[in-house]
Amino acid sequence: MPLPGEQAQLKLAPMMRIEELKSIDIARRNPNEAAVMAVFYPDAGETNFVLILRKTYKGVHSNQVGFPGGRVEAEDQDLSHTALRETEEEVGIPRHQIQVLRALTRLYIPPSNFWVYPFLGIMEEKPALVPQETEVEEILEVRLADFLSDTTLVEQRLTTSYATNINVPAYKLNEQIVWGATGMMLSEIREMLRKV
């Protein structure tokens, strides 16, 4: 299946992000690279996937919901290895238990100056999830059926470390507001899954 790409991502992009991307010379900013994993698994007849609530810290993604993942390190063989390594570190899923199905569309995040490369993975059985104490406040196990429901799409007014009182499109999942880059990546995944 062809990726829905940036067109699907932009459905969940805050207006300020859309405007900002029009005026940025990304190559000139020499972004860092990171990779994240959207991992799906069975649980009592349902399908779930994992998100994490990050700890509160001094940084632009403090206390936000995201996929497990992180910065590319020198020892990583490739971007999928980064996503698998970080997922193991942050939520305790052994990398060999995840079957990586495919790469999704990369996404540029202006506030942190990162290209993020999302991957889609599946597991044969429910994992034992263990949060990384230093980085993860809470692991969120999201039911796929809830995510695909139209009732999860919301608009939220937020104040962040870099913007005040902005309206953003978002998903409400497990009582958490999921927006920004994670919402944009989820938008592409949602479009693909609805076609399946």
Side-chain angles (χ1 to χ4, degrees), residues 1-6 8-9 12 26 30-43 47-55 57 59-62 64-142 144 147 171 173-174 176 178-193 196:
M1 179 189 296
L3 290 173
E6 188 180 31
Q9 291 175 344
L12 259 284
I26 297 174
N30 192 26
N32 295 301
E33 292 185 324
V36 300
M37 180 65 68
V39 60
F40 291 78
Y41 57 89
D43 183 13
T47 298
N48 287 2
F49 65 94
V50 176
L51 293 173
I52 59 171
L53 176 62
R54 299 206 173 275
K55 293 255 188 203
Y57 64 96
V60 294
H61 302 303
S62 170
Q64 288 184 5
V65 176
F67 290 109
R71 180 191 293 264
V72 173
E73 302 290 354
E75 72 267 17
D76 293 338
Q77 296 156 15
D78 54 30
L79 290 158
S80 68
H81 185 267
T82 303
L84 288 166
R85 175 183 56 75
E86 285 281 345
T87 299
E88 185 168 359
E89 289 172 11
E90 292 189 341
V91 297
I93 301 175
R95 59 194 86 180
H96 68 271
Q97 290 183 8
I98 300 174
Q99 179 189 349
V100 179
L101 293 184
R102 70 180 305 169
L104 301 171
T105 304
R106 72 176 183 169
L107 180 68
Y108 179 65
I109 304 180
S112 54
N113 192 32
F114 266 90
W115 274 117
V116 176
Y117 295 81
F119 289 85
L120 194 60
I122 58 169
M123 299 182 65
E124 296 286 325
E125 54 191 44
K126 178 179 168 65
L129 298 167
V130 182
Q132 185 179 31
E133 284 187 22
T134 54
E135 293 185 34
V136 179
E137 185 65 37
E138 183 183 350
I139 294 174
L140 308 173
E141 296 187 76
V142 181
L144 178 59
F147 169 57
Y171 296 106
L173 301 169
N174 294 34
Q176 296 285 343
V178 185
W179 66 287
T182 304
M184 293 169 72
M185 289 183 268
L186 279 169
S187 183
E188 181 175 48
I189 292 169
R190 179 184 172 104
E191 205 156 297
M192 291 175 69
L193 291 176
V196 176

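Arg102 places a side-chain N or O within 3.5 Å of a backbone atom of Met1 that can act as its donor or acceptor partner. Not a single donor-acceptor pair under 3.5 Å links the side chain of Asn48 to the backbone N or O of Phe40. When atom types are taken as modelled, the side chain of Glu188 and the backbone of Gly5 share a donor-acceptor pair closer than 3.5 angstrom. Side-chain atoms of Asp76 do not come within 3.5 Å of backbone N or O of Asp78 as any donor-acceptor pair. Between the side chain of Thr87 and the backbone N or O of Ala83 there is at least one donor-acceptor pair closer than 3.5 Å.
Pairs of residues two or more places apart, or lying in two chains, that qualify as ring-ring contact (aromatic ring centres under 6.0 Å, His included) and include a residue from residues 74-112 are Tyr108-Trp115.
The two residues Gly70 and Thr82 make their nearest non-hydrogen contact at O-CG2, 3.5 Å. Closest non-hydrogen pair, Leu79 versus Ala35, comes out as O-CB, 3.3 Å. When all heavy atoms of Ala38 and Ile189 are compared, the closest pair comes out as CB-CD1, 3.7 Å. Contact record, Thr182 with Val65: OG1-O, 3.2 Å, taken as the closest heavy-atom pair. Closest heavy-atom contact between Leu107 and Gln9: CD1-OE1, 3.3 Å. Closest heavy-atom contact between Tyr171 and Gly183: CE1-O, 3.5 Å.
Other residues, nucleotides and ligands contribute only 12 or fewer heavy atoms inside 6.0 Å of the CD atom of Glu6. Atom CD of Glu73 has more than 12 neighbouring heavy atoms from other residues, nucleotides or ligands inside a 6.0 Å radius.
With respect to the salt-bridge test (charged N to carboxylate O, under 4.0 angstrom), the residues Glu88 and Arg95 qualify. Salt bridge annotation for Arg71-Glu86: absent, with no cationic side-chain nitrogen under 4.0 angstrom from a carboxylate oxygen. Using a cutoff of 4.0 Å between basic side-chain nitrogens and carboxylate oxygens, Lys55 and Glu138 are not scored as salt-bridged.
With a 4.5 Å cut-off on side-chain heavy atoms, Val39 and Ile122 do not count as touching. Between Leu53 and Val136, every side-chain heavy-atom pair lies at or beyond the 4.5 Å cut-off. Looking at heavy atoms from C-beta onward, Val50 lies out of side-chain contact with Leu140 at the 4.5 angstrom threshold. Contact annotation: the side chain of Leu186 never approaches that of Leu12 to less than 4.5 Å [non-hydrogen atoms, C-beta and beyond]. Counting heavy atoms from C-beta outward, Lys126 and Glu141 have side chains that approach closer than 4.5 Å. For the pair Arg54/Glu90, a side-chain contact is recorded, criterion being any heavy-atom separation below 4.5 Å from C-beta on. With contacts defined as side-chain heavy-atom distances shorter than 4.5 Å, the pair Leu120/Val100 does not qualify. For the pair Met185/Pro118, a side-chain contact is recorded, criterion being any heavy-atom separation below 4.5 Å from C-beta on.
Using the six-membered ring where Trp is involved, Phe147 and Phe49 have ring planes that are perpendicular, over 60° apart on the 30 and 60° scheme.
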- Task: Please test Glu125 against Tyr41 for side chain to side chain donor-acceptor pair (under 3.5 Å), starting from the C-alpha separation and ending with a verdict.
- Result: CA-CA 6 Å; Glu125 54 191 44; Tyr41 57 89; over 6 Å; no
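Ile139 CD1 to Gln132 CD: the interatomic distance, rounded to the nearest 0.5 Å, is 10.0 Å. The CG atom of Leu84 lies 11.5 Å from the CD atom of Gln97; values are rounded to the nearest 0.5 Å.
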